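Numbers here simply count residues along the sequence, with the first being 1. Note that the coordinates shown come from a computational prediction; the quantities given were computed from them, not determined experimentally.
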Amino acid sequence: MAGYGENVRVLKWILERVEGRGAAQETPIGYVPAKNGLTLDGMKISDEALNELLRVNPEDWEAEMEDSKQFFGKFGERLPRPIREEHEKLARRFQHAVTA
């Protein structure tokens with residue numbers, strides 16, 4: 001039952017975001033919870049561990065981006081344009097984050 005309780009923390013944050021209240025930080029992959037955005041009552045987690053859990057390092061995503069590009073390439077022109085465009089936008093956000 002502990003796993004369910006941990007999921008509820010994230011679901012609560014998602015609902016708060018929908019309502020315009022959940023604290024978040026923008027990353028190349030979108031918004032992730034801000035350090036104070038999740039209800040962590042009853043959890044023993046260090047600031048260092050929390051920072052690592054919420055960190056989005058563009059360099060860590062390089063292989064994933066290449067894999068998804070190759071996968072999408074298998075569909076050729078059948079791949080819906082919005083999917084291709086969204087992947088290209090994501091790649092640009094990562095490129096910008098690495099060069100910034």
Side-chain angles (χ1 to χ4, degrees):
M1 207 56 162
Y4 175 77
E6 305 314 318
N7 291 339
V8 169
R9 296 172 194 273
V10 175
L11 293 173
K12 181 179 182 286
W13 176 78
I14 292 169
L15 291 174
E16 290 172 350
R17 287 288 299 153
V18 169
E19 295 170 350
R21 298 182 294 118
Q25 67 182 48
E26 190 172 6
T27 72
I29 61 168
Y31 289 93
V32 298
K35 279 179 63 174
N36 63 343
L38 293 172
T39 303
L40 300 175
D41 300 344
M43 291 189 71
K44 293 180 180 179
I45 186 167
S46 70
D47 278 347
E48 289 175 354
L50 186 58
N51 288 337
E52 183 62 22
L53 289 169
L54 298 175
R55 181 176 68 92
V56 176
N57 182 353
E59 294 166 357
D60 293 342
W61 281 75
E62 285 180 29
E64 179 65 31
M65 292 297 297
E66 185 57 35
D67 287 349
S68 59
K69 180 180 178 181
Q70 288 180 15
F71 175 74
F72 291 150
K74 292 178 182 181
F75 295 94
E77 292 301 315
R78 295 176 299 146
L79 183 71
R81 185 176 47 196
I83 294 175
R84 182 176 28 259
E85 290 172 352
E86 203 54 47
H87 189 265
E88 290 168 357
K89 287 184 214 175
L90 178 61
R92 284 193 298 272
R93 288 192 303 268
F94 275 121
Q95 183 62 34
H96 177 46
V98 169
T99 59

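Taking OG1 of Thr27 as the start and CG of Asn57 as the end, the distance is 11.0 Å to the nearest 0.5 Å. Separating the CG atom in Asp67 from the CD atom in Gln70 is a distance of 6.0 Å, to the nearest 0.5 Å. The structure places CD of Glu16 at 6.0 Å from OG1 of Thr39, a figure rounded to the nearest 0.5 Å. Taking NZ of Lys12 as the start and CZ of Arg21 as the end, the distance is 7.0 Å to the nearest 0.5 Å. To the nearest 0.5 angstrom, Glu88 atom CD is 14.0 Å from Gln95 atom CD. Once rounded to the nearest 0.5 Å, the distance linking CD1 of Ile83 with CZ of Phe75 reads 8.5 Å.
Contact detail for Pro28 and Val56: the closest heavy-atom pair is CD-CG1, 4.3 Å. Contact between Trp13 and Gly22 at its shortest, heavy atoms only, is NE1-C, 4.1 Å. Smallest separation of non-hydrogen atoms from Pro33 and Leu38: CB-CG, 3.7 Å. Residues Asp60 and Arg55 approach most closely at OD2-NH2, 3.5 Å, considering heavy atoms. Listed here is the closest heavy atom pair of Asn36 and Ala23: OD1-CB, 3.5 Å. Counting all heavy atoms, side chain and backbone alike, His87 lies closest to Ser68 at NE2-OG, 2.7 Å.
With respect to Lys89 and Glu85, no salt bridge is recorded, no charged nitrogen being found less than 4.0 Å from a carboxylate O.
Cluster membership check: Met43 shares its hydrophobic cluster with Leu54, using side-chain heavy-atom separations under 4.5 Å among Ile, Leu, Val, Met, Phe, Trp and Tyr. Phe71 and Leu79 fall within the same hydrophobic cluster, defined by Ile, Leu, Val, Met, Phe, Trp and Tyr side-chain heavy atoms under 4.5 Å apart, directly or through other members. No chain of hydrophobic side-chain contacts below 4.5 Å, direct or via other Ile, Leu, Val, Met, Phe, Trp or Tyr residues, connects Trp61 to Phe72. Follow the hydrophobic side-chain contacts under 4.5 Å out from Val18 and you never reach Val10; the two are in separate clusters.
Applying the salt bridge (charged side-chain N to carboxylate O under 4.0 Å, His left out) test to every pair with at least one member in residues 25-35, sequence neighbours left out, gives these pairs: Lys35-Asp47. The ring-ring contact (aromatic ring centres under 6.0 Å, His included) pairs that include a residue from residues 16-53 number zero, where partners must be two or more places apart or lie in different chains.
Counting non-hydrogen atoms of neighbouring residues, nucleotides and ligands closer than 6.0 angstrom, the CD atom of Glu48 reaches no more than 12 such neighbours. Within 6.0 Å of CZ on Arg81 lie no more than 12 heavy atoms contributed by other residues, nucleotides or ligands.
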